[in-house]
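Since the structure comes first, as structure tokens, the remarks are kept for the end.
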Amino acid sequence: MKFKAPRGTYDILPSESWKWQHLTDVFRRTAALFGFEEIVTPVLEQSDLFERSSGESSDIVQKEMYRFQDRKGRTLALRPEGTAPVVRSFCEHHLDAAARLTRLYYIGPMFRYDRPQAGRYRQFYQYGVELIGSHNPYYDAEIIAFECAFLQNLGFNDYELHINSVGCPCCVPDYEAALSAYFQPLKDELCEDCQTRLIKNPRRILDCKIAHCRDLSRSAPVILDHLDEDCRQHFSEVKSYLDNIGIAYTIDPRIVRGLDYYTHTAFEFIYPALGAQNTIAGGGRYNGLIEQVGGRSIPAVGIAGGFERLLLALERQSADLGSRPALDITLITIGETAQKMAPQLIHYLRQTGCSTIWDPEKPSLKAAFKAADAQKSRYAYIIGDDEIAQLKITRKDMIAGTQDQIDWPDSSL
RNA sequence: GUGGAUGUAGUUCAAUGGCAGAGCACCGGAUUGUGGUUCCGGGCGUUGUGGGUUCGAGUCCCAUCAUCCACCCCA
């Protein structure tokens, strides 16, 4: 075997692809229910779009982005996430001119140069929805409600919803100062990573998985106590909207989103049984992003989820994913005359909407029926000299095993 | 980028340093007009790749690639 799919990428084979179709079908249906319309953007973007939006210091930009020069020396990147491209397109095409609020969804591959692991790939598939144009906390709740509806439509209920407010540029500096002040005296007790976090990004200490660091952060200052009035008010309204529509959530002050553009509400949908990579969807409000990308200051909120992890979770739960599509008819011919008539018959059957296959080689009948089995054909249509003489088709029900005769569909055939 | 485990037939796995095998799947036949059961028959695969040690390497050593798991990070 000479060629292999590149590291961290994989093929979705026919034995699996129908499941993906199911996921995307349910996603599109749910998105439509919420009034979202699809937007498709290129897989390639100018790399500074991501550098500017995600933050120069973010891991995505620092070490995970596929970045290269094209033949004219332009620096392009394979998109590592979906929101920045959507926002770029939104600004470029002035989508806000048409409506006060823009509701968009997308589906597509994303790329991050990461070490592959359970539920983590270099090319992976995400879906996302974005509500652009309002700072109203109702929409934060609506995005969360959308994700809940999507998961529910897939028959998936075993997830946890964690929400937090990450503050805004007005209150974050104050909070980070308080955090540093708290951890500084405990510095020597922190793990090595957390000691550097203390200097670079103290909030990440709260996310550490080392037991002792967790113990230390238990009584650390909480962002929610340091929110300014506006953020506090916003968060409390989001919660009351959620309460209102009966969505259960856990307030998790440790949620720190990986991208710099998030403000106010942040949320994650988690399925703990997935192992280390257990976040199936994450999102939040990004009021500063659109301005950073070059547009006016426009508030927005959105969420993105990973199809791989969703599928892993659904399979773990043995959720109903539908079934691999079956074929209506396998046509089996016996003898030269039937052989000659088959193409016209199969053409006719397909035109009437019956999925039909026929093998022009002449396998043994046994092999022909086995093939019909392998394709999960509902019926086998058999034509041979006997049938042709009587203008009949022998129709075998492949599930019941019974057999009867039907008229040729059109006597002119 | 760091650490650990693992790479043998389509697949799941065997093979005290001494002739590369089995189950399942697949193909053919028993049944030249009938599948899913049964019976019989069908396996030369660069043992991931490249070096090394050895009379001899699937087995030991080194490198490399890939997969899995964890760190990191996130979807």
Side-chain angles (χ1 to χ4, degrees), chain A residues 1-10 13 15 54 57-65 79-83 107-128 147 159 191-194 196-197 201 204 207-210 255-259 262 266-271 274-283 302-313 330 332-335 338 362-388 394-403:
Chain A
M1 190 80 53
K2 197 160 184 205
F3 294 108
K4 286 185 187 172
R7 174 155 216 215
T9 69
Y10 58 96
L13 303 174
S15 55
S54 301
S57 69
S58 67
D59 276 22
I60 286 184
V61 170
Q62 284 288 308
K63 48 183 200 186
E64 295 174 6
M65 203 156 70
R79 63 181 178 200
E81 59 106 20
T83 300
I107 290 180
M110 305 295 162
F111 304 83
R112 291 183 201 174
Y113 191 88
D114 228 354
R115 187 102 169 235
Q117 190 185 330
R120 190 168 75 187
Y121 301 91
R122 290 186 172 176
Q123 174 173 344
F124 58 101
Y125 295 85
Q126 275 194 338
Y127 59 88
E147 182 68 17
Y159 57 83
C191 73
E192 216 172 292
D193 285 340
C194 282
T196 58
R197 286 176 185 136
N201 189 350
R204 290 234 171 267
D207 217 17
C208 186
K209 273 140 196 148
I210 309 268
I255 292 182
V256 183
R257 307 254 67 235
L259 306 174
Y262 286 104
F267 35 83
E268 288 184 356
F269 285 75
I270 292 169
Y271 182 60
L274 281 189
Q277 312 299 323
N278 60 11
T279 304
I280 57 176
I303 191 169
F307 280 117
E308 288 83 359
R309 292 181 188 177
L310 190 52
L311 189 54
L312 283 172
T330 294
I332 297 173
T333 52
I334 303 159
K362 284 168 260 175
S364 67
L365 265 194
K366 181 194 177 84
F369 274 95
K370 278 192 146 181
D373 248 355
Q375 293 282 345
K376 296 216 163 51
S377 276
R378 186 67 186 80
Y379 295 101
Y381 279 16
I382 303 122
I383 53 173
D385 294 341
D386 299 350
E387 284 81 2
I388 290 163
T394 300
R395 177 178 67 177
K396 177 156 184 175
D397 182 320
M398 294 298 286
I399 295 168
T402 55
Q403 186 164 299

Mark this stacking check for A:Phe307 against B:A75 as yes or no, applying ring centres under 5.5 Å and ring planes under 30°. no
Taking atom types as they are modelled, would you say the side chain of A:Arg120 forms a donor-acceptor pair with the base of B:C68 within the 3.5 Å cutoff? no
Measure from CZ on A:Arg115 to C1' on B:A75 and round the result to the nearest Å. 19 Å
Taken to the nearest whole Å, CG/A:Asp373 to P/B:C27 is 11 Å
Whether the A:Tyr127 and A:Glu147 side chains hold a donor-acceptor pair (N or O, under 3.5 Å, no angle test) is what I'd like checked. yes
Grab the NZ-P distance between A:Lys366 and B:G28 for me, whole Å please. 8 Å
Using atom CZ of A:Arg378 as one end and atom P of B:G36 as the other, report the distance to the nearest whole Å. 18 Å
Please state whether the phosphate of B:U67, meaning OP1 or OP2, lies under 4.0 angstrom from any side-chain nitrogen or oxygen of A:Arg7. yes
Contact class for A:Gly8 (heavy atom, under 4.0 Å): base, sugar-phosphate, or nothing? sugar-phosphate
When we call it a touch if two heavy atoms are under 4.0 Å apart, what does A:Gly119 touch: a base, just sugar-phosphate, or nothing? base
Under 4.0 Å: is that the gap between some side-chain N or O of A:Gln117 and OP1 or OP2 of B:C68? no
With respect to the side chain of A:Ala118, which nucleotide from B:C74, B:G1, B:A70 is positioned closest? B:A70
A:Tyr10 and A:Glu308: side-chain donor and acceptor closer than 3.5 Å? yes
Between B:C39 and B:U67, how far apart are the two C1' atoms, rounded to whole Å? 40 Å
With side chains defined as the heavy atoms from C-beta onward, is the minimum distance between A:Tyr379 and A:Asp397 less than 4.5 Å? yes
Rounded to the nearest Å, what distance is computed from the CG atom of residue A:Asp397 to the P atom of nucleotide B:G36? 16 Å
Between B:A5 and B:A9, how far is it from one P atom to the other, in whole Å? 22 Å
Round to a whole Å and report the spacing from NZ of A:Lys4 to P of B:C68. 11 Å
Using atom P of each nucleotide, how far apart are B:U32 and B:G48 to the nearest Å? 45 Å
For atom P, what is the distance between B:U59 and B:G17, given to the nearest Å? 11 Å
Rounded distance in Å between the P positions of B:C24 and B:G36: 15 Å
Taking side chain as C-beta onward, heavy atoms only, is A:Ile382 less than 4.5 Å from A:Arg395? no
Sugar-phosphate only, base, or nothing, as touched by A:Ile334 at under 4.0 Å among non-hydrogen atoms: base
Would you indicate what A:Leu274 reaches in the nucleic acid, counting non-hydrogen atoms under 4.0 angstrom: base, sugar-phosphate, or nothing? nothing
Could you tell me the Watson-Crick or G-U partner of B:C44, where both distances fall under 3.5 Å? Say none if there is no partner. none
A:Ile332 versus A:Ala380, closest heavy-atom pair with distance: CD1-CB, 4.2 Å
Pairing partner (Watson-Crick or G-U wobble, both distances under 3.5 angstrom) of B:U38: B:A30
Would you say the side-chain atoms of A:Glu387 and A:Thr394 include a donor-acceptor pair closer than 3.5 Å? yes
Given that both distances must come in under 3.5 Å, which nucleotide forms a Watson-Crick or G-U wobble pair with B:U8? none
Nearest listed nucleotide, side chain of A:Lys396, among B:C72, B:G33, B:G35: B:G35
Regarding A:Ile382, tell me which of base, sugar-phosphate or nothing describes its non-hydrogen contacts under 4.0 Å with the strands shown. base
Considering every strand and a 4.0 Å limit on heavy-atom distances, what is the contact class for A:Gly128: base, sugar-phosphate, or nothing? nothing
Partner of B:G18 under the Watson-Crick or G-U wobble criteria, both distances under 3.5 Å, comes out as B:C55
For the side chain of A:Lys370, starting at C-beta, report the closest nucleotide among B:C72, B:U34, B:C27. B:C27
With rounding to whole Å, what would you report as the distance between B:G35 and B:C26 at their P atoms? 15 Å
Rounded distance [0.5 Å steps], CZ in A:Arg122 versus CZ in A:Arg115: 8.5 Å
Of A:Asp385 and A:Gly275, the one whose closest nucleotide on RNA chain B sits nearer the 5' end is A:Asp385
So which atom in A:Ile383 and which in A:Ala338 form the shortest heavy-atom distance, rounded to 0.1 Å? O-CB, 3.3 Å
For A:Met398 versus A:Ser377, what's the shortest heavy-atom pair and its separation? CB-O, 3.4 Å
Determine the contact category for A:Met110: base if any of its heavy atoms lies under 4.0 Å from a base atom, sugar-phosphate if only primed atoms, P, OP1 or OP2 are that close, otherwise nothing. nothing
A:Glu81 or A:Leu365, whichever maps to the more 5' nucleotide of RNA chain B: A:Leu365
Distance, C1' atom - from B:G58 to B:G21, rounded to whole angstrom: 12 Å
Hey, does A:Ala372 reach any base, or is it just sugar-phosphate, or nothing, if we go heavy atoms under 4.0 Å? nothing
If you look at every strand shown and take non-hydrogen atoms under 4.0 Å, does A:Glu64 touch a base, only sugar-phosphate, or nothing? sugar-phosphate
For the pair made of CG in A:Asn278 and C1' in B:C73, what is the distance, rounded to whole Å? 13 Å
Using a 4.0 Å heavy-atom cut-off, does A:Gly282 contact any base of the nucleic acid, only the sugar-phosphate backbone, or nothing at all? sugar-phosphate
At 4.0 Å (heavy atoms only), tell me whether A:Glu387 reaches a base, stays on the sugar-phosphate, or touches nothing. base
Select base, sugar-phosphate, or nothing to describe what A:Ala367 touches, counting heavy atoms under 4.0 Å on all strands. sugar-phosphate
Could you give the CE-to-P distance, from A:Met398 to B:G36, as a whole number of Å? 9 Å
Whole-Å P distance, B:G4 and B:A63: 12 Å
Base partner of B:C72, which must satisfy Watson-Crick or wobble distances under 3.5 Å: none
